[in-house]
There are 2 protein chains.
Amino acid sequence: MDSKDAVTCLAALAHEQRLAIFRLLVKIGPPGSPAGEIADAVGATPTAASFHLKELDRAGLIHATRAGRYIRYAVHFDGMRRLLTFLTEDCCQGRPELCGSTIKKARTLCKGGSK
Amino acid sequence: MDSKDAVTCLAALAHEQRLAIFRLLVKIGPPGSPAGEIADAVGATPTAASFHLKELDRAGLIHATRAGRYIRYAVHFDGMRRLLTFLTEDCCQGRPELCGSTIKKARTLCKGGSK
DNA sequence: TGCATAGTTCAAGAATCCTTGTAGTATGCT
DNA sequence: AGCATACTACAAGGATTCTTGAACTATGCA
């Protein structure tokens with residue numbers, strides 16, 4: 001992940017409805033949820049929900065899969081983990097004793113961590 | 001941290017220069033750096049740097065302390081940790097086996113983790 | 001084939017944010 | 001006190017992003 005990708009992710013999340021959608025999908029986990037239910041849950045019109053879901057998808061934070069007439073959206077844990085890793089990279093010059101020594105744990109997120 | 005605070009933080013970070021400043025300060029850690037050096041490091045004019053530093057400060061991601069004629073900025077680990085916690089809250093409905101069981105580690109960040 | 005449902009795309013106006021220069025404030029030195 | 005340095009505040013133009021409704025595409029069922 002480079003700086004541009006990170007800015008795209010952060011801009012995607014820097015919006016009340018999109019943040020609500022993202023957190024909802026984080027909570028739901030791998031099974032995800034169809035677009036209509038997501039729209040209802042966050043109080044968005046179908047048009048707005050579609051627009052915001054596409055933004056989150058483009059940023060690589062969620063992904064879509066068609067299931068019959070529904071399109072299910074689920075959080076993309078790998079994208080999420082890459083973003084958090086990028087934000088905390090080289091914390092305290094790699095000398096964790098400067099900040100409490102636990103920052104490295106931020107890198108071992110959902111779906112296995114390392115790499 | 002509520003949804004509005006998180007959006008403020010994310011919007012603050014969703015900008016190339018501000019993200020560069022934040023990551024620089026994360027890397028430097030507690031000692032921080034004066035505004036002028038930060039401006040040079042990220043290639044910003046003094047005016048732009050001041051503007052962006054204020055944004056990050058307002059969002060609670062960094063904090064300023066005057067040291068003589070210099071104003072040093074340093075990352076505010078607590079604000080940073082609160083944001084990461086907020087983003088990963090209730091991951092997979094609290095059933096970490098759904099996503100790899102390591103998400104909880106994201107909450108134990110710099111400065112000692114919990115609350 | 002024809003209709004209903006689920007979701008997306010398009011376009012235009014409105015709102016917001018970014019950029020930049022100039023002026024101003026605070027500190028330190030002589 | 002007077003001057004230089006370090007940084008901040010203000011303001012206006014320009015660019016980007018958000019919102020909304022109407023039209024469009026895709027799927028499933030009878």
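Lettering of chains follows the sequences in order, A, B, ..., and the numbering in each one begins at 1.
The two residues B/I71 and B/A64 make their nearest non-hydrogen contact at CG2-CB, 3.9 Å. Contact record, A/T88 with A/L84: OG1-O, 3.0 Å, taken as the closest heavy-atom pair.
Using a 4.0 Å heavy-atom cutoff across all strands shown, A/R18 reaches sugar-phosphate atoms only and no base atom.
For B/R69, the listed nucleotide lying nearest its side chain is D/dT5; candidates were D/dT5, C/dC18, D/dT8. Among the nucleotides C/dT22, D/dT20, C/dG7, the one closest to any side-chain atom of B/T47 is C/dT22. Residue B/F51 places its side chain closer to C/dT19 than to any other of D/dC18, D/dA9, C/dT19.
Using a 4.5 Å heavy-atom threshold, the side chains of A/V7 and B/L13 count as separate. The side-chain heavy atoms of B/V26 and A/D90, taken from C-beta on, include no pair separated by under 4.5 Å.
Heavy-atom distances to DNA chain C give each of B/A11 and B/R66 a nearest nucleotide, and the one nearer the 5′ end belongs to B/A11. For A/A67 and B/P46, each mapped to the nucleotide of DNA chain D holding its nearest heavy atom, the one lying further toward the 5' end belongs to B/P46.
Under 4.0 angstrom from either OP1 or OP2 of C/dT8 there lies no side-chain N or O belonging to A/Y70. Using a 4.0 Å cut-off, some side-chain N or O of A/Y73 falls inside it from OP1 or OP2 of C/dT8. In terms of phosphate contacts, A/H52 brings a side-chain nitrogen or oxygen within less than 4.0 Å of OP1 or OP2 of D/dT19.
Following rounding to the nearest Å, B/K54 (NZ) and D/dC7 (C1') show an atom-to-atom distance of 12 Å.
Counting atom types as modelled, B/S50 pairs no side-chain N or O with a base atom of D/dA9 as donor and acceptor under 3.5 Å.
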